[in-house]
Structures are given as structure tokens and as C-alpha cells.
Amino acid sequence: MLATFGKKRNLSPMDSRYTPQDIEDKWYSAWEAAGAFKPQGQGKPFTMVIPPPNVTGALHMGHALNNTLQDVLIRWKRMQGYKTLWQPGTDHAGIATQSVVEKHLAKQGIKRQDLGREAFVEKVWEWKAEYGERIVGQLKKLGCSCDWSRLRFTMDEGLSRAVREVFVRLYEDGLIYQGHRLVNWCPKLQTALADEEVENKETQGYFWSIRYPFEDNPAEGIVVSTTRPETLFGDVAVAVNAEDERYRNLIGKNVLIPIINRPIPIIADEHADPTKGSGAVKITPAHDFNDFEVGKRHKLEPIICLDLKGNLNEQAGPYAGMYRFKAREKLVAELQEKGLLTEVEDRVIPIPTCYRSGDIIEPYLLNQWYVHMKPLAEPALQCVENGETRFVPERYTKTYRAWLEPFRDWCISRQLWWGHQIPAWYVVSETGGERRNETPVVVGRDAEEARRKAVAKFGPEAVLVQEEDVLDTWFSSALWPFSTLGWPDKTEDLDTFYPTDILSTARDIIYFWVARMIFSGLKFLGKPPFHTVYIHGTILDAKGQRMSKSKGNGIDPLEMIDQYGADAVRFALMTMTTEGQDIKLSPTKFETGRNFANKLWNAVRFVLPHAEAGQGEFSDKHLQLADKWILSRLNTVIREVTLSLEALRFADATQALYRFTWDDFCSSYLEIRKKSITQGEGDEKRNAVAVFKHVLERLIALLHPFMPYITEEIRHNLGDTDLLITSGWPEVDSSRIDTGIEREFSETFALVEAVRSVRGQYSISPAQAINVVATYTDPAQAERVGRQEAILRNLENIGELQLGSGLAKPKFSATQVLTGGEAHVPLEGILDPEQERRRLTKELERSRNFVETQKKKLGNEKFTANAPPEVVEAEREKLASQQEKAGKLEQALAGLE
RNA sequence: GGGCGUUUAGCUCAGUUGGUUUAGAGCAUCUGCCUUACAAGCAGAGGGUCGCAAGUUCAAAUCUUGCAACGCCCACCA
């Protein structure tokens with residue numbers, strides 16, 4: 001797997017600054033050319049499906065985050081030897097795409113109606129051909145290792161066949177039906193919407209109270225309140241509560257609708273709430289969800305008073321043809337004039353708006369197609385309840401349940417042209433009914449099948465007309481995990497890759513998409529489509545607001561990639577991905593990522609001229625303390641990163657890598673071994689370089705899923721000819737993990753830090769050597785540290801060094817207390833006794849406080865009796881070492897001159 | 001109104017089952033360094049009563065309850 005380096009090295013002039021732009025495209029092409037993204041080998045499959053972006057969309061930060069996350073997992077699993085498939089594709093995004101094209105045509109003064117359905121759809125396909133590859137190109141820029149040879153589109157032939165198959169089967173199972181009821185109608189887009197496509201926006205509005213005169217006594221009347229007065233033309237009754245004393249005797253009387261003077265009855269219904277408004281409420285079944293129910297209870301025929309564009313119709317008398325809001329304005333004025341407007345109250349009201357167009361929704365009585373949800377939702381709930389599919393973070397299980405449990409039927413028909421035309425045909429004849437829901441219907445996988453069915457049922461004279469509506473976009477997205485693998489055919493791919501493993505997505509489509517994939521997978525394949533749903537956080541701007549085009553506060557990932565490199569962008573995003581938390585983003589985060597890449601690059605640049613010297617593996621007998629230490633740390637990190645990825649803890653993984661690379665590998669190890677690498681001879685040099693390379697090879701492998709480009713480039717700069725992307729994932733060598741070595745190393749490192757601290761306090765130039773007297777209580781410790789003099793001298797400019805036990809403190813020296821000893825730095829002429837006293841006093845105070853709390857804790861019998869013995873023992877040791885430290889600080893203070 | 005999340009250093013955030021962290025990181029700040037990998041760097045330093053209150057416990061940033069602020073989702077067009 002990790003080949004040796006040094007062979008056939010093609011030394012490029014490596015700049016001190018890493019420039020990602022030079023190498024990214026090169027390596028991406030190399031991976032593609034090598035077929036590295038295709039499922040390979042005989043390993044266990046690991047599969048993910050990409051959340052298909054809108055075909056005409058552009059990459060935003062949310063995509064960048066989610067797709068980086070998926071790519072990290074796929075690359076990691078691929079290196080681990082799994083037969084990985086990351087299935088890519090795009091979504092036709094019915095409403096969104098149709099709107100984009102319509103807007104585009106509008107600029108040329110063309111309406112879709114001018115073109116007609118066929119020509120318009122043709123235009124959309126052209127649009128798709130032009131812009132459909134854009135988002136794919138952008139995902140490639142980010143480094144996504146999807147198997148692009150399998151790129152699918154929700155409206156391509158295969159997926160459309162899956163859609164028709166599902167529709168027919170659901171229909172045959174009685175799970176799809178037509179219903180004549182109120183739907184959310186968007187007058188602007190001219191289509192029905194599903195409940196979850198409606199957004200309620202709090203808006204400043206009015207609550208108008210209007211008097212409806214009694215039919216037999218027009219001088220008096222009953223007052224009703226409404227926020228939508230223009231709907232009064234569709235009123236069929238006024239309801240009061242039977243318990244309401246004020247109105248009880250009016251029940252059964254008729255009142256007149258103002259302006260048009262149509263009589264309607266006062267009825268008793270529980271919907272009327274005596275505490276709201278006047279307690280009497282107008283009933284408009286054709287334009288209000290609650291009223292629709294009231295109308296049904298009282299068998300009142302709904303009256304439609306609006307047309308589909310939002311204009312009032314002939315029911316509105318003088319207002320016929322007027323746009324709804326214009327009519328509202330005029331109507332209020334007229335009512336006021338007539339003395340029928342009794343009160344106007346300012347009120348914040350939730351206004352339902354269309355999630356695409358933003359237009360105000362009108363509930364409208366129409367015929368639409370529905371999916372009967374209960375039989376589908378129940379197993380889908382069950383499957384999450386029993387853990388077959390789990391959400392990460394787990395709390396989203398609740399969100400999922402809250403959406404599915406009400407079993408609201410799914411309105412799947414859309415009055416659009418762009419989408420899957422519903423595979424249902426109306427059987428019309430001379431005697432055929434006028435209303436569609438009274439017309440016989442046949443469904444079929446294609447026109448021929450429908451025709452066969454119609455002929456069998458209605459005879460050869462039957463004439464078929466296909467339903468014009470298309471299906472909700474999410475109807476096809478729901479099939480994504482299996483339609484992309486060839487279903488309804490029994491394909492090998494389906495066999496190998498279904499069910500997939502992890503689905504990663506944003507929380508706002510848990511219902512739109514995730515839930516629907518789960519019930520579809522269960523219904524048609526008998527297995528949930530994935531075992532884990534990872535819900536990532538939402539990307540926010542630096543102020544914590546959602547990024548949006550209208551606010552103009554978005555950070556463009558492609559600009560960031562341009563500026564900092566894809567690796568930096570990916571790494572930064574992953575460091576911020578802590579379980580499900582929202583991410584406040586500012587470009588400085590990418591700077592940190594870029595700096596990190598640069599750091600790694602320069603470490604490589606340093607060793608490259610010496611790589612030749614480090615042929616082969618190092619030999620154990622030449623290993624020094626620092627070597628053993630870095631090998632111990634390396635294997636610890638391999639373990640940490642692997643476990644973090646398994647737990648989907650991306651920030652933990654990157655943090656471990658960052659720390660190890662920067663602090664351990666560069667700041668400590670490289671600095672210590674620098675001299676051996678550049679100036680050492682024979683075995684010394686060979687071994688130092690070999691260890692360095694051994695660590696580096698594994699480090700770039702660990703970093704590869706996060707920073708694929710730079711790591712691939714490094715591997716090849718080091719002389720490897722095979723690709724890192726398909727090489728192995730490092731394995732932990734537990735025998736190298738040695739806490740004794742790590743302790744011994746930090747013992748030595750502590751002395752370095754002590755000296756550096758004194759140097760820093762007195763601003764002594766690094767060029768000036770300083771003398772050190774280190775004394776330890778235990779002679780064995782002094783000897784151990786003494787053996788590491790090379791480390792001390794490599795990390796600090798030390799002049800005379802005395803190491804021992806019971807050494808006296810030289811005059812005029814600054815003192816640093818160590819575990820088990822002290823370091824004195826003689827500073828005659830430099831030492832500031834006052835400053836020294838202040839520092840030592842402060843430290844002593846802190847130390848004494850700690851000793852106090854420890855004593856109290858250990859003096860508590862309940863503690864010593866109840867806490868586990870090892871905890872008590874640890875606390876005792878803490879006390880002892882702190883007491884020792886306090887003693888030493890006291891001594892140092894006393895000895896100050 | 002219901003649900004969920006957040007509140008830890010000036011800023012952005014870690015802190016997994018309560019004890020080995022007398023609270024950690026990055027950025028920012030201050031001091032000294034162009035030390036032949038890196039100034040996108042090196043070394044050092046300062047900075048926090050872990051939102052507030054009560055409780056459980058030998059022990060609470062961590063568990064429970066209440067409160068507050070901020071954010072998200074759902075419901076609510078009388």
C-alpha cells in the first residue's frame with residue numbers, strides 16, 4: 001500500500017508558498033482517467049447517493065459542506081478497501097426550473113402559453129442541456145469523487161420508468177386517489193402545492209369587523225370579523241356557537257351578504273369561538289380550510305368567488321374581474337361608506353405564501369391527485385423507531401416523527417408542464433362526464449397499457465386523454481436510492497448497492513425527501529434505503545443569519561476555492577462540523593485551512609532534498625526517544641481519526657490531524673530531528689529521514705479524505721507513482737503506542753518549555769545562548785532527562801547545561817518549577833527581582849489554593865469512602881505533587897536576590 | 001401556543017458515559033524573533049466565578065428543575 005519513496009523523484013521547484021491552483025485540476029483528471037471513482041475490488045460495498053441538486057442550480061456553501069462530508073466518507077471507505085459507490089445525479093426540480101425558464105422567456109416577451117406545452121418543454125430541455133453540467137463541474141472542483149459515469153437525472157428515461165411503475169402500483173394498491181377538496185393554490189405559478197410547500201409568514205395586517213344585516217330587519221344585523229373581507233362573496237352562512245347566549249336566539253335567521261345582498265343562514269357550529277372577534281364567523285367553504293369542514297357538516301354547497309389567477313369572479317357582482325387585493329381595498333372603503341364596517345383592528349397575521357414564488361396562497365377547491373399516507377407512513381415510522389434506520393444527531397428522529405405522524409395525505413399533482421406527466425388517462429366518450437372526477441380513469445405504465453385496460457373495461461370505442469398534470473418533484477426524488485440503480489429491473493447494481501449506507505442531508509428536507517425515500521424503499525424493496533441519516537448543520541453568515549440570495553450575504557464556495565484552494569475549504573468546513581450544530585461562517589476560517597495546507601507543504605519541502613537518503617524502512621535499533629515518541633503519537637492519531645470517522649465526528653478527526661501535524665510533527669519532531677536530517681551522516685541521517693517519511697506517508701493518507709489534492713501531490717513529489725486515492729488506509733500498530741515513552745518525552749519537553757518561558761519573559765533574543773541548571777529530586781529522572789540533551793539543544797539555544805540532583809540555585813537566576821524538579825536560569829544583570837517575585841507569588845497563590853481544595857476534598861470522609869479507590873489515589877497524588885510545587889515556589893521566593 | 005437547539009476567553013467554537021482539564025483550541029491582542037521548511041512562520045504572555053437560581057451527589061461546565069436571552073421548526077389567515 002504505502003510504497004517507499006525516493007525512487008525516480010521528479011523534483012519540482014517547490015515554492016515556499018503552496019499554490020493549490022497549480023495542481024487541483026491535474027489530479028482530478030488523473031483520478032478520473034484511472035477510473036478511481038468507480039466501484040472497485042471485491043470488498044464489502046459502501047454506498048451513498050448524492051442529494052441531487054437542482055439541475056439548473058449553482059453550488060452554494062450548503063452543497064459544499066454536505067458534499068465534502070460525503071466525499072470524506074467515500075474516500076475513507078475506498079481507502080479501507082470497500083467497494084464504494086457514490087451515486088451522483090441531478091433533480092429536474094419542477095417548479096424551480098420551470099420558473100427559471102419562464103422568467104428567461106419573459107425577458108424576450110414570450111409566455112409559455114404562447115409556445116404551448118410541447119415547445120415549452122422542449123425549451124426547458126434546451127436549458128437543461130446548457131446549464132445542467134454546471135453544478136457537476138462545480139462539484140468536481142470541490143473534489144467530489146462521485147462515479148460520474150453513472151450520472152442520472154430524475155427525468156431521464158430509466159428514472160421516468162420507475163416513476164410510472166410506482167404510480168401504477170400505488171394506484172392499483174388503492175394508495176393513490178383523486179380528491180375534490182381545498183388545496184393550497186399559488187395564483188402566480190398557477191399550480192397546487194403540498195402543505196409543506198407553504199410557508200407561513202407573519203405580516204402586519206388588519207382584522208375587519210363587518211355587519212351583515214338581517215334579512216327581515218336590515219337596520220340591524222350580526223357582526224363578523226375577518227382578515228380577508230373579499231371572500232365574503234363566497235359566504236354560505238354565518239356560524240355562531242350554540243352555547244353563546246348572545247346569538248342563541250338568532251340561529252336559523254337569515255342575514256344578507258353586504259353589497260350583493262344574497263341571503264345566508266345563521267347556523268350553530270362549534271367552530272365559532274365566542275372568545276374570538278365578535279363570536280360570529282362567516283363561513284366560506286370554498287376558500288378556507290376550517291370553513292370547508294363546517295360546510296361539509298352542514299351540507300352547504302361551497303361557492304367559489306375567485307378565479308385561478310386571484311381575480312374575483314361573477315359571484316362578486318360589481319367586483320367581478322378585480323384582483324383580490326385591489327378588491328379588498330375597494331370593498332373595505334365601500335363597507336365603511338355604507339356604515340357596515342364596525343371596527344378595524346391592526347393585527348399581525350400569519351400569511352401562507354408559496355415557498356417558490358412568495359405569492360400569497362389561496363385555498364382553492366379543486367380536483368387533485370393524492371397519496372394515501374397512513375399505510376406508507378406507518379412502516380416508515382416503525383423502521384426508525386426500531387433502529388433499522390437511525391438519525392444522527394438522534395434528536396431528528398423527533399422531527400421525522402412529527403412530520404409523518406399526522407398522516408396527512410400527499411397532494412402529488414402539479415399544474416406544471418415540466419415534470420413527469422401523470423400516467424393516468426380519462427376515458428371520454430360522447431356521454432362522458434364534464435367533471436374530471438366523474439370521468440372514468442385508467443392508469444398505465446404507458447399509453448398502450450392504459451388503452452388495453454380501457455378497451456377491456458369500456459370497449460373498443462373508448463377514447464383516452466392523458467391527465468395534463470405532472471407529479472410533484474419529490475415523487476421522483478423519493479425513488480432516488482433505487483431508481484438510480486436500475487429499479488424496477490432486477491439489476492446487479494441493485495443487488496450489490498441497495499440498501500445504501502449513509503445519507504447526508506440538510507434538516508429542512510427531512511420530510512420532503514428523507515421520509516419519502518424511507519417509505520418508498522420499504523414499500524418497493526422491502527428494506528429501508530439506508531441505515532444512517534446524517535443531518536448536518538445549517539451554514540449561516542458571520543452574524544448568524546441564513547445565507548440567501550436576497551440578503552446578499554452568501555459566501556460563494558467557488559470564490560473561496562479560487563482564493564484558498566479546495567483542500568483549505570474542505571478542511572475548514574470539516575473542522576466546523578460538530579454534530580449537527582449550525583455553522584457561523586466567515587472567510588477567515590478558510591485562511592486557517594490554507595495556512596494548514598501551507599504548513600504541511602513546507603514540511604515536505606524541507607525533507608524532499610534528503611528523501612533519497614531515507615531509502616527503506618528505519619531500523620528499530622537506531623530509534624531515538626523522539627522517533628519512538630512520534631511513532632507512538634502517529635499510531636494514536638491513526639486510531640483517533642479512524643474512530644472519529646466511524647462516529648461521524650468530523651471536527652474531532654480534523655482537530656486530531658491538525659494538532660498532530662502542526663504541533664507534534666512539525667513543531668516538535670521536525671525541529672528535533674532537523675539537524676540529523678540535514679547534517680547527519682550514515683545511519684543517523686538515513687534513519688531520521690526514514691522515520692520522517694514513514695510518518696509522513698501515513699499522515700498524508702489520513703489527511704487524504706479531507707485534503708485530497710495536496711496529499712496526492714505530496715505523494716507523487718515523494719516519488720510514488722501509484723495514486724493515493726486508491727491506496728490503503730493506515731492501520732494502527734498498537735505495539736508502537738507507548739505511554740512510557742510519551743511520559744519520558746514530555747519530561748524532557750517540559751524543561752525546554754521552562755527555558756523558553758524565561759527567555760520570553762525577559763525578551764532574550766533567540767540568538768543568545770542561555771545557561772541552565774536543572775535539578776531533580778530523583779537522580780534517576782535527572783539521568784533520564786540528561787540522556788536527551790540533544791533534544792534540549794535542538795529546541796533551545798542553551799549554553800552551559802547542568803543536570804543533576806540537589807544542585808544549588810545559582811545567584812540571580814529565574815526559577816521554573818517542574819514536576820519533580822526545578823530549572824534555574826542564571827540571569828545576572830538581566831533578572832528583575834520584582835517581576836520575578838510577582839510571578840512566583842502569583843503562581844504560589846494558585847498552588848496554595850489548589851492544595852487547600854485538595855486537602856478539603858481528601859479530608860472529607862464521604863469522599864474517601866465513596867469514590868472509587870483509583871480516583872482517591874489520583875487526588876492524593878495531585879495533592880502531593882502540588883504540595884511539592886508550593887514548597888519549591890516558597891524556596892525560590894526566599895532565595896530571590 | 002407546541003417542539004427543538006444554543007448560551008464556556010474580545011470573536012468563533014471543543015469539552016463523548018459526572019472525577020486525570022485547579023476549564024481547552026483557532027482567530028484576535030501584547031512581547032521578542034526575517035533561527036538556511038514555512039512571516040500564510042517561530043517562541044513566549046495575558047485573558048474565563050462555564051447565562052442566572054435552586055437541587056441531586058463525596059464530587060457538577062457535565063445530571064434534574066425553574067427562569068432569562070437568542071435562534072430554528074410546527075400550529076394559528078375567523
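Each chain gets a letter, A, B and so on, in the order the sequences are listed, and its residues count up from 1.
- Residue A/Arg17 places a side-chain atom within donor-acceptor reach of the base of B/A40, judged by atom type and a 3.5 Å distance cut-off alone.
- Judged by distance alone, with hydrogens and angles left aside, A/Glu671 brings a side-chain donor or acceptor within reach of the base of B/A37, the pair sitting under 3.5 Å.
- Cation-pi contact between A/Arg594 and A/Tyr564: absent, since separation from the ring centre below 6.0 Å together with deviation from the ring axis within 45° is not met.
- You'll find that the side chain of A/Ser757 is closest to B/G44, out of B/G19, B/G44, B/C38.
- Here the side chain of A/Ser763 is nearest to one of B/G44, B/A78, B/G32, namely B/G32.
- Listed nucleotides B/G19, B/C77, B/U22 differ in distance to A/Lys885; the shortest reach to its side chain belongs to B/U22.
- When distances are taken from the side chain of A/Glu362 to each of B/C38, B/C77, B/A78, the shortest belongs to B/C77.
- The nucleotide whose nearest atom lies closest to any side-chain atom of A/Asp273 is, among B/A78, B/C58, B/C77, B/A78.
- Position along RNA chain B of the nearest nucleotide to A/Arg846 versus A/Gln679 favours A/Arg846 as the more 5'-ward residue.
- Listed nucleotides B/G47, B/U22, B/C38 differ in distance to A/Gln882; the shortest reach to its side chain belongs to B/U22.
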Stepwise salt bridge (charged side-chain N to carboxylate O under 4.0 Å, His left out) check, A/Lys398 with A/Glu405: CA-CA 10 Å; A/Lys398 256 189 165 171; A/Glu405 237 162 27; over 6 Å; no
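- Closest approach to the A/Ser667 side chain among B/A78, B/G41, B/A43 is made by B/A43 (side chain taken as heavy atoms from C-beta onward).
- When the nucleotides B/G5, B/C13, B/C77 are ranked by their closest atom to the side chain of A/Lys584, B/C13 comes out on top.
- In the interface, the side chain of A/Arg756 is not paired with the base of B/A43 through any donor and acceptor atom under 3.5 Å apart.
- Rounded to the nearest Å, the gap between the C1' atom of B/G71 and that of B/A54 is 27 Å.
- With hydrogens and angles ignored, no donor-acceptor pair under 3.5 angstrom links the side chain of A/Lys398 to the base of B/C4.
- The listed nucleotides are B/C42, B/G19, B/G24; the one nearest the side chain of A/Glu875 is B/G19.
- In the set B/U35, B/C58, B/A75, B/C58 carries the atom at the smallest distance from any side-chain atom of A/Lys862.
- Rounded to whole Å, the C1' atom of B/C4 lies 30 Å from the corresponding atom of B/U49.
- Distance, A/Asn595 CG to B/A39 P: 11 Å, rounded to whole Å.
- The aromatic rings of A/Phe391 and A/Tyr400 sit tilted, their planes meeting at an angle between 30° and 60°.
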